[in-house]
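I have placed the structure first, in the form of structure tokens, so that the comments after it can refer back to it.
Reminder, nothing fancy here: chain letters follow the sequence lines and each chain counts from 1.
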Amino acid sequence: MANQKIQAPKGVSEYFPDRSRLFEHVRDSLIAPAKKSGYQLIELPVFEDTDLFRRGVGESTDVVSKEMYTFEDRGGRSITLRPEGTAGVMRAVIEHGLDRGQLPVKLWYSGQFFRAERPQAGRYRQFYQVGIEAIGLDDPAIDAEVIAIADAGFKSLGLSKYRLEMTSLGDASSRSAHRVDLLNFISGLNLDEATAERARINPLRLFDDKREEMKKAMQKAPLLMDYLSSESSEHFKKVLGYLDRLNVSYVLNPRMVRGLDYYTGTTFEFVHELLGAQSGIGGGGRYDGLMQDLGGQALSGIGFGLGVDRVLLAAEAEGVISQEAFVSDLFIIPLGEEAKQMALTIAHDLRGQGKVVEIAFGDRGLKGSMKAADKTGATHTIVLGESELSSLTVDLKHMKTGKSSSVKIASLHQHL
RNA sequence: GUGGACGUAGCUCAGCUGGUAGAGCACCCGGUUGUGGUCCGGGAUGUCGCGGGUUCGAGCCCCGUCGUUCACCCCA
């Protein structure tokens, strides 16, 4: 292995020019609607006490049981790289008493998350998510607003080939009533060992089986939606009503299964049509018991997480994201040492006035520098040589038209 | 974690039944002294992912390993 090249760890996503600009654009677009809705940034560590995820996300989930990056730090503590965002936010809210003031607490976050899965199209071991959490309000209107915020982010990017799937997981009483009947139904099925094991961990999982015979077998299984308590049912209906009013279209999917244990009530998922097997571009829901489970007060909450990597893939698949070039307003080509110093000063001044300015360093020669100017896509170019230094006047060349005009250096900013 | 495909210059790839590597794009220089995008000429570039094996000889065959990719599982 001595000669093995060092390369990035397996399954990570990386972005560099020019694609990094698209990534940046997607990330910023997805979070913009949340900022406009009064959500505020919460910046958290990417690693947490392992117990946080065990208790928050749930031992029975795949995420916790086999996908976490867990290690022992030098003090012998068990640390885990965050596999999702909500648990960490709840921890911080409880720890710092953010829930002691006015409710709801409205937060947004953005950053890397980690899951030790086998990489695949749109599935990475380190991936990027933006998300929001609204804590301490049961009003169905906030459910609708949260969902509409996610939808607005997708729409602002020009996405259209996706759908919003909705369901309600109801409250505890709804779920336990359903569970009895579902288990009873499943016991009547002839399952192979792996499937039986999945059913044992979480019977709802069987709704998600991709095999045709299983889909058929589950056709008559009792649906949780039919077991909702009147409160849950009422709440969900109102959410749907608000979404209608907001013109956010959705399809009901009573067979939807989510991978995290904390979800209750309103639950949703955004699925893109042009992606491969990993087609979920975002998802979320209510988690009315999570806060208390983690030792906080009994506050409800709702939030979502959106996969920036996948949304970028989706935007590219739809062809709606443009490589609008990073363009400088001015590209300066200095000829000689004195000119270089002058270039530095001019650039500094113009940047101070908000202009994007680049300088051709390195004494490349005029022709080479002009080529460089062309490649950066700068809108204007000036050459700084002896005559310009003495006259303090330059020929400001507009690169698109090829025409140039004589301009005083002091008034350059007016022409950019 | 399971299974399939793949791994050759910065990028996309070619390389016939094994005889020690090529193209296009990109990049650099130049086409008479200070103005780009087209065109023309010239140039640099790879331990053919890594390790081992078979062979007189392997980019081409075999094994292992690392990685990529697609699917399962699961999810953003």
Minimum-distance nucleotide (side-chain atoms of [X] versus [options]):
X       : options                : result
Q120(A) : C28(B), A71(B), C74(B) : A71(B)
V383(A) : U35(B), C73(B), U68(B) : U35(B)
K375(A) : G36(B), C28(B), G34(B) : C28(B)
R115(A) : G37(B), C29(B), A76(B) : A76(B)
R118(A) : C74(B), A71(B), G36(B) : A71(B)

Could you let me know what [N] is paired to, Watson-Crick or G-U wobble, both distances under 3.5 Å, or none if it's on its own?
N      : result
G43(B) : C27(B)
U38(B) : none
U32(B) : none
C50(B) : G64(B)
G1(B)  : C72(B)

Next item on the list: Using only heavy-atom distances, decide whether a donor-acceptor pair under 3.5 angstrom links the side-chain of E117(A) to the base of A76(B).
Entry: yes
Margin query: For a quick test of reading the model: is some side-chain N or O of R258(A) closer than 4.0 Å to OP1 or OP2 of A76(B)?
Written below: yes
Next item on the list: Please state whether the phosphate of C74(B), meaning OP1 or OP2, lies under 4.0 angstrom from any side-chain nitrogen or oxygen of R198(A).
Entry: yes
Note to self: Regarding S300(A) and D138(A), do their side chains bring together a donor and an acceptor under 3.5 Å, going by distance alone?
What the structure shows: yes
Checklist line | K367(A) NZ - C28(B) P separation (whole Å) | finding: 13 Å
Notebook entry, point to check: Is the distance between the ring centroids of Y128(A) and F23(A) less than 6.0 Å?
Noted result: yes
Next item on the list: Rounded to whole angstrom, note down the C1' distance from G4(B) over to G10(B).
Entry: 30 Å
